[in-house]
Amino acid sequence: MTESEFQEFIITLGYRYNEKSKTSFNTFEGFHNVIIFGENEGRYSLRLECVSKGAEESATVQRAIRRFHEDHKDYVIRTAVKRRFIEIEIKMTIDSDIDKEQLRALVHLMTVLCKSGRLAPICRVCARQRKTGVYVVGTELMPICDACVARKRRLYSRRRDLFDKKTQNMAGGLVGAVFGALLGGMLNVLVYQLCPLRGVWSIFIVVLSFWGFVITGRRATKKSAVICEIISVMVFILSEYLAIIMETAILIEREGGGIAVSESIDITNSSLGDMSVLMSLLPEVLVGIVVIAAAGGVYLLKRLLTRPMKISKNLL
């Protein structure tokens with residue numbers, strides 16, 4: 001089904017649809033069944049925040065869901081009955097009629113379970129049996145009680161105010177990023193002589209570069225992250241060159257030639273002019289660049305997951 005088809009159909013089952021979160025929901029005796037239209041994942045995902053009222057009730061609910069899975073095994077991707085929620089995922093097919101049939105069966109199952117008296121609705125955040133509303137937190141729709149909503153809104157306001165009051169010092173940040181990257185480059189040169197995992201130690205460079213920018217620039221942004229990535233790659237390549245020179249100088253010294261830095265530079269420059277030598281060094285350089293890129297990806301993911309998320313009004 002397309003999103004518009006899903007929206008039109010799910011309304012006929014007594015559900016409402018929220019376009020921002022691509023999620024439908026219904027409310028029945030305090031329960032909030034949530035069905036996500038996962039077009040990118042190719043599935044419909046149902047989630048119900050609830051707890052069983054006892055061991056016997058939990059076993060009965062699990063049997064009912066297991067039986068549903070067996071009866072619809074060609075379309076049910078996954079079922080999970082956890083202590084605080086129930087999840088069921090159904091395959092999205094190219095046949096709208098099949099999708100509608102499976103969703104209709106799923107909705108019927110959840111209605112029966114909610115009427116059974118074996119489950120109790122809970123808040124997604126605190127897992128307590130309190131009256132809940134339906135809110136969009138960021139882009140995710142979830143049932144939350146009033147106390148948790150108030151606490152989340154206070155946290156959002158504090159973090160938003162703290163973020164708005166910070167001003168970025170780009171010049172200071174650049175100095176800190178370069179200093180941190182150079183310090184990481186020195187560590188890379190030293191560890192290069194001790195450990196065979198060459199290229200991996202570029203993590204020192206990118207991490208210290210990020211830290212340097214945050215400390216002296218006061219505020220990190222996506223732009224500063226890209227700048228730190230570029231600086232880190234440049235310093236990494238330079239540190240690899242210096243590490244090879246040091247390695248060559250150490251070999252000369254071990255052979256009784258004394259400390260000959262200028263000679264090791266000449267030898268290194270001469271060997272790097274050989275294409276076969278360059279190709280042998282390419283894998284560790286690529287590894288280092290990939291590590292730097294991965295560190296940047298982790299930073300952006302952390303920024304996305306830890307930034308304060310706005311909470312909508314109660315959708316009920």
Side-chain angles (χ1 to χ4, degrees), residues 1-124 127 129 132-137 139-144 315-316:
M1 276 190 291
T2 63
E3 183 177 359
S4 60
E5 287 177 324
F6 174 76
Q7 183 175 357
E8 291 174 3
F9 169 71
I10 207 68
I11 289 173
T12 66
L13 300 180
Y15 280 64
R16 295 166 59 185
Y17 187 73
N18 179 264
E19 293 185 2
K20 180 179 180 180
S21 60
K22 295 184 180 295
T23 304
S24 62
F25 65 96
N26 91 323
T27 299
F28 177 77
E29 296 184 357
F31 292 94
H32 304 295
N33 283 285
V34 171
I35 302 178
I36 301 171
F37 179 76
E39 185 174 19
N40 294 335
E41 297 80 18
R43 65 189 61 185
Y44 307 97
S45 302
L46 177 139
R47 180 170 174 130
L48 174 65
E49 309 297 326
C50 62
V51 291
S52 299
K53 293 184 176 180
E56 183 178 344
E57 288 80 359
S58 176
T60 302
V61 170
Q62 291 186 34
R63 283 197 299 270
I65 292 178
R66 191 159 50 244
R67 187 164 53 249
F68 176 82
H69 193 170
E70 292 170 357
D71 293 342
H72 302 266
K73 59 184 178 181
D74 292 335
Y75 304 102
V76 176
I77 299 173
R78 172 179 172 269
T79 61
V81 182
K82 303 296 184 180
R83 189 170 62 88
R84 294 171 50 174
F85 63 86
I86 294 173
E87 280 187 344
I88 301 176
E89 296 179 352
I90 293 180
K91 184 191 304 182
M92 186 181 293
T93 70
I94 59 174
D95 191 328
S96 298
D97 291 334
I98 292 177
D99 288 4
K100 291 176 182 179
E101 180 183 350
Q102 299 305 313
L103 286 170
R104 193 177 290 110
L106 176 61
V107 167
H108 175 71
L109 169 69
M110 300 313 296
T111 301
V112 170
L113 291 178
C114 291
K115 284 182 177 180
S116 67
R118 296 183 174 90
L119 299 172
I122 60 172
C123 168
R124 166 79 71 90
Q129 296 181 35
T132 56
V134 178
Y135 301 85
V136 178
V137 182
T139 58
E140 185 178 3
L141 188 147
M142 59 181 71
I144 311 177
L315 301 181
L316 297 180

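All residue numbers in this chain count up from 1 along the given sequence.
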If you look at every heavy atom in [X] and [Y], which pair is closest and at what distance?
X: I122; Y: C50; value: CG1-N, 3.7 Å
X: D99; Y: M1; value: OD2-N, 3.3 Å
X: S24; Y: Y15; value: OG-CD2, 3.9 Å

Just by distance, do the side chain of [X] and the backbone of [Y] share a donor-acceptor pair under 3.5 Å?
X: T132; Y: C123; result: no
X: R84; Y: R124; result: yes
X: T12; Y: E8; result: no
X: R16; Y: L315; result: yes
X: S58; Y: A55; result: no

Side-chain ion pair, K82 and E87, N-O less than 4.0 Å: no
Assess whether a salt bridge exists between E140 and R47, defined as any Lys/Arg side-chain N lying under 4.0 Å from an Asp/Glu carboxylate O. no
Under 6.0 Å between ring centres, would you say that holds for F6 and Y44? yes
In the structure I gave you, are the side-chain heavy atoms of M92 and F37 within less than 4.5 Å of one another anywhere? yes
